[in-house]
Amino acid sequence: MLILYSLGWWFLVIRRRSLFILFAFVLMIILISNIFAVTIKSYKPKYGLTTSTINFRSSTALGSSSIIKQINKYTNIKMVGEIDNFYVAQLSTNEIGLISKDYVKAVSNAPASKVYQSLTPYTATVINSSVNVRRGPTTSFTKVTSLSKGTAVKVIGRIEDFYAVIYGTNKIGMIEVTLLKKVPNSTVATPTVPSPPATTLSNADLVLKYINDARKANGLVALTKDWKLADIALRKSKEMVEKSYFLHTSPTYGTPFDMMKNFGITYKTAGENIAGNSNMKSAVDSWMNSEGHRKNILSNSYNYIGIGVTKSDRYGFVISAMFIGK
């Protein structure tokens with residue numbers, strides 16, 4: 001499903017034993033395959049700053065049941081791994097969880113947290129009858145669940161005496177190192193799990209890339225990302241999802257131009273494109289095939305852009321792109 005809307009304004013077999021071995025092998029493959037969505041290589045930790053108030057999650061599932069808590073805007077975090085469109089994040093409290101890549105800006109300053117040792121991911125199994133998975137690297141952290149003996153997990157890192165692990169269906173937690181046993185030769189990536197590209201762009205950065213590709217193809221200079229404008233665009237896309245509307249005029253903030261001014265954005269010219277689409281490239285291609293959207297993308301009057309992308313059950317994603325000229 002696609003919806004888009006634009007607005008521009010100048011001021012805007014066989015033996016039993018063999019069968020048993022085969023069954024055990026298949027069962028192990030099934031168990032292991034469920035936890036191989038994480039990057040199949042060691043990951044060098046990097047640092048980020050949240051660009052909005054965001055959800056800190058226990059898994060990649062987007063329902064409310066996976067939300068641990070909310071993290072305030074401008075919070076320093078350490079990114080220690082990646083799963084799909086999420087970063088595995090270590091907070092200053094040393095809690096481990098997942099945050100969406102769409103709401104994190106790369107920075108150089110590290111949060112005050114314990115040293116995280118990145119490991120080449122490998123599979124390990126629980127060696128006790130019941131082992132606790134916790135939110136952080138000490139027994140004082142909340143118990144998330146218990147895993148039974150023989151359960152397979154993927155070890156991706158270590159903080160002191162606890163391993164950071166992926167278990168179940170892309171769930172994250174920490175287990176004491178003495179309670180896990182490495183599966184031999186498990187560091188070799190399986191053929192069915194390709195290594196991800198060296199650099200994974202967020203959805204917002206993908207939209208920016210496709211817009212600037214279109215401008216370059218038409219002999220125009222690239223638009224520069226404005227982080228303050230991006231925050232406003234994200235507020236707009238989130239509100240459209242949360243309040244189930246698809247319009248340029250927000251019931252809370254008014255027009256895009258009102259919204260920019262009220263958040264301290266000054267401009268000579270301004271415009272906004274919005275879309276509902278499951279794919280960032282398709283969204284920009286659709287804009288380019290629409291006169292009003294294309295005009296905003298290829299306008300010489302704009303030199304800055306802010307892009308907000310929010311997941312939507314109805315469309316896949318709702319995208320707001322705000323353009324300004326200074």
Side-chain angles (χ1 to χ4, degrees), residues 1-10 12 51-52 84-86 100-106 196-241 245-250 255-257 259-260 265 267 269-326:
M1 175 177 282
L2 162 69
I3 284 190
L4 48 83
Y5 195 22
S6 75
L7 182 66
W9 185 34
W10 281 99
L12 283 199
T51 59
S52 179
D84 298 333
N85 196 45
F86 291 84
S100 172
K101 294 179 182 177
D102 295 333
Y103 310 126
V104 180
K105 170 185 175 181
T199 301
T200 303
L201 297 176
S202 69
N203 284 326
D205 285 339
L206 279 173
V207 173
L208 177 58
K209 176 188 180 301
Y210 298 138
I211 286 175
N212 279 334
D213 285 350
R215 288 178 66 87
K216 182 179 180 180
N218 285 271
L220 299 170
V221 297
L223 296 175
T224 300
K225 181 192 296 185
D226 183 294
W227 285 102
K228 191 171 183 179
L229 190 61
D231 179 57
I232 297 170
L234 180 59
R235 287 174 183 264
K236 179 67 177 291
S237 66
K238 287 179 69 175
E239 187 188 56
M240 283 192 286
V241 171
Y245 74 90
F246 193 82
L247 297 166
H248 284 292
T249 300
S250 159
T255 69
F257 317 111
M259 192 173 182
M260 292 178 200
I265 296 290
Y267 58 85
T269 57
E272 180 188 59
N273 283 1
I274 58 176
N277 204 302
S278 60
N279 182 275
M280 303 304 110
K281 183 68 164 61
S282 296
V284 176
D285 286 348
S286 298
W287 282 342
M288 289 298 292
N289 289 322
S290 168
E291 184 179 354
H293 301 86
R294 180 184 176 90
K295 184 177 180 180
N296 275 343
I297 290 172
L298 301 183
S299 175
N300 263 322
S301 301
Y302 303 136
N303 46 13
Y304 292 94
I305 188 172
I307 301 166
V309 182
T310 299
K311 194 151 185 78
S312 163
D313 291 336
R314 184 175 183 181
Y315 304 117
F317 296 94
V318 168
I319 306 161
S320 171
M322 292 184 171
F323 306 82
I324 59 171
K326 295 184 180 180

Hey, could you give me the [atom1]/[atom2] distance between [X] and [Y], rounded to the nearest 0.5 Å?
| X | Y | atom1 | atom2 | value |
| --- | --- | --- | --- | --- |
| M322 | R235 | CE | CZ | 11.0 Å |
| D226 | I265 | CG | CD1 | 5.0 Å |
| F86 | D102 | CZ | CG | 8.5 Å |
| S278 | F317 | OG | CZ | 8.0 Å |
| T224 | Y304 | OG1 | OH | 5.5 Å |
| N296 | M288 | CG | CE | 11.5 Å |

Within the side chain of [X], is there an N or O that forms a donor-acceptor pair under 3.5 Å with the backbone of [Y]?
| X | Y | value |
| --- | --- | --- |
| S301 | T269 | no |
| K311 | V241 | no |
| S237 | I319 | no |

Indicate the atoms forming the closest heavy-atom contact of [X] with [Y], along with that distance.
| X | Y | value |
| --- | --- | --- |
| M260 | G271 | CE-O, 4.0 Å |
| A233 | G306 | CB-O, 3.5 Å |
| K101 | S202 | O-CB, 3.8 Å |
| V318 | S312 | CG2-CB, 3.9 Å |
| V207 | M280 | CG2-SD, 3.6 Å |
| N279 | N277 | N-OD1, 3.0 Å |

Would you say the side chain of N303 lies within less than 4.5 Å of the side chain of V221, judging by non-hydrogen atoms? no
[X]: which residues meet the side-chain hydrogen bond (donor to acceptor under 3.5 Å, both in side chains) condition with it, sequence neighbours left out?
| X | answer |
| --- | --- |
| K209 | D213 |
| N212 | none |
| R215 | none |
| K326 | none |

CA sep, side-chain torsions, deciding dist, call: Y103, T310, side-chain contact (heavy atoms from CB on, under 4.5 Å): CA-CA 10 Å; Y103 310 126; T310 299; 3.7 Å; yes
Any residue meeting salt bridge (Lys or Arg N to Asp or Glu O under 4.0 Å) with D205, in chain and number order, not counting sequence neighbours: K225
Pairwise salt bridge (Lys or Arg N to Asp or Glu O under 4.0 Å) hits with a residue in residues 275-289, at least two apart: K281-D285
